[in-house]
Amino acid sequence: AAFVDPPAKRRWQRWLAPAIRLFGPQTSSAARERRDMLVLLLAVALVVVPHFEHLPWWATSVFSLLLIWRVWLTLVQRPLPGRIVMLPLLLAAGGAVYLQHRTLTGQDAGVTFLILLMALKLLEMRARRDIFVVIYLAFFILLTQFLYGQELPVAAMTVAAVVALFFVLVSVNLDEVDLPALRKLRLVGMTLLKALPLAAAL
């Protein structure tokens, strides 16, 4: 049998302990919500990062700052901003998109505005319904990426984002008992396998 250095093994266990606690079955609803929110934010990042190539630099910066803000609020469990903060941010986002593109519609303006709206929605997710809204927005934004490119790296990131989004969907639909992360990923994998024949036909 291969020799395993006990101190090194203990160090690995100590480093991995937070991730194991985070992605293992959660007994409290607050811990489950925090875990699901972090996975959803990771999925949103995977959805939007391929768009950075064609987004205006200021839109990329605003999205990144709002996403980091939401991650920080989740980790420290601080309250979300109210309408007094959100309404000016919404007006500023719409105004900036209009000044950049002279319209709020069309491919470039529409995608930019939609990404900023989703980033703002992250800061007001207070109910289960809001989580579904963000997930459906993320799926739609995934489709818009293929308007700009269909390279293999983009497709790989799209698959990773879909897996993360379905992971959150499975988790938020568990009303009583939480499941281990591997069990949820197995359910997501079965769903993707069932979708393969339709994808091949299309």
Side-chain angles (χ1 to χ4, degrees), residues 1-2 4-6 8-50 67-78 80 118-119 121-146 152-202:
V4 178
D5 184 19
K9 183 178 180 180
R10 286 194 296 269
R11 283 197 299 270
W12 276 107
Q13 291 174 342
R14 187 168 60 252
W15 291 338
L16 294 175
I20 294 173
R21 287 195 300 269
L22 178 63
F23 291 101
Q26 303 293 331
T27 55
S28 71
S29 59
R32 285 178 60 180
E33 290 174 3
R34 184 166 62 252
R35 187 269 319 281
D36 293 341
M37 182 59 61
L38 290 174
V39 176
L40 178 58
L41 295 175
L42 172 63
V44 168
L46 291 173
V47 168
V48 178
V49 163
L67 182 65
I68 293 171
W69 187 10
R70 188 61 173 91
V71 170
W72 179 76
L73 291 175
T74 302
L75 292 175
V76 300
Q77 299 181 347
R78 294 289 181 87
L80 300 179
M118 184 173 66
K121 186 64 179 176
L122 295 176
L123 293 171
E124 61 170 14
M125 285 194 295
R126 292 180 171 85
R128 190 179 184 184
R129 175 182 59 84
D130 297 324
I131 295 177
F132 290 127
V133 170
V134 170
I135 290 174
Y136 298 147
L137 277 173
F139 278 127
F140 187 79
I141 292 174
L142 272 177
L143 294 177
T144 63
Q145 173 57 37
F146 291 101
L152 286 178
V154 173
M157 191 168 289
T158 298
V159 172
V162 168
V163 170
L165 290 170
F166 268 98
F167 181 94
V168 178
L169 276 176
V170 170
S171 190
V172 297
N173 280 286
L174 295 174
D175 294 326
E176 297 179 0
V177 181
D178 195 20
L179 296 175
L182 289 179
R183 177 78 179 276
K184 294 176 187 175
L185 289 174
R186 192 177 299 119
L187 292 173
V188 172
M190 291 300 298
T191 303
L192 294 178
L193 284 176
K194 292 176 181 178
L196 283 179
L198 178 60
L202 292 174

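One-based numbering along the sequence shown. As the structure is a computational prediction, the values presented were derived from the model and not from experiment.
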S.K.: Might you confirm whether atom CZ of Arg126 has over 12 heavy atoms from other residues, nucleotides or ligands at distances under 6.0 Å?
M.R.: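 More than 12 heavy atoms, drawn from other residues, nucleotides or ligands, come within 6.0 Å of this atom.
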S.K.: Counting only heavy atoms not in Leu196, do more than 12 fall under 6.0 Å of its CG?
M.R.: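 It does: Leu196 CG has more than 12 such atoms within range.
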S.K.: Distance check, rounded to the nearest 0.5 Å: Met37 atom CE versus Met125 atom CE?
M.R.: 3.5 Å
S.K.: To the closest 0.5 Å, what do you measure between CE (Met190) and NZ (Lys194)?
M.R.: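 So the gap between those two atoms works out to 5.5 Å.
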S.K.: Return the CG to CG distance between Leu46 and Leu165, rounded to the nearest 0.5 Å.
M.R.: 8.5 Å
S.K.: Determine, step by step, whether Leu38 and Leu75 satisfy the side chain to side chain contact (heavy atoms under 4.5 Å, CB included) criterion, reporting the C-alpha distance in whole Å, the side-chain angles of both residues, the deciding distance to 0.1 Å, and the verdict.
M.R.: CA-CA 9 Å; Leu38 290 174; Leu75 292 175; 4.0 Å; yes
S.K.: Taking all non-hydrogen atoms of both residues, which atom of Val172 and which atom of Leu169 are closest, and how far apart?
M.R.: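 Val172 and Leu169 have their closest heavy atoms at CG2-O, 3.4 Å.
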S.K.: For the atom pair CZ (Phe146) and OG1 (Thr158), what is the distance rounded to the nearest 0.5 Å?
M.R.: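 The distance works out to 3.5 Å.
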S.K.: Val162 vs Leu192, test: side chain to side chain contact (heavy atoms under 4.5 Å, CB included). Steps then yes/no.
M.R.: CA-CA 9 Å; Val162 168; Leu192 294 178; 4.0 Å; yes
S.K.: Return the minimal non-hydrogen interatomic distance between Val168 and Asp36, and the atom names on each side.
M.R.: CG2-O, 3.8 Å
S.K.: Show me the donor-acceptor pairs, under 3.5 Å and distance only, between side chains in residues 136-144 and residues at least two apart or in other chains.
M.R.:
| residue | atom | partner | partner atom | Å |
| --- | --- | --- | --- | --- |
| Thr144 | OG1 | His51 | NE2 | 3.3 |
| Thr144 | OG1 | Ile141 | O | 2.6 |

S.K.: Please round to the nearest 0.5 Å and tell me the distance separating atom CG of Asp130 and atom CD1 of Ile135.
M.R.: 11.0 Å
S.K.: To the nearest 0.5 Å, what is the distance between CG on Leu122 and CG on Leu73?
M.R.: 11.0 Å
S.K.: Do the side chain of Thr74 and the main chain of Arg70 share a donor and acceptor less than 3.5 angstrom apart?
M.R.: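 A pair under 3.5 Å: yes.
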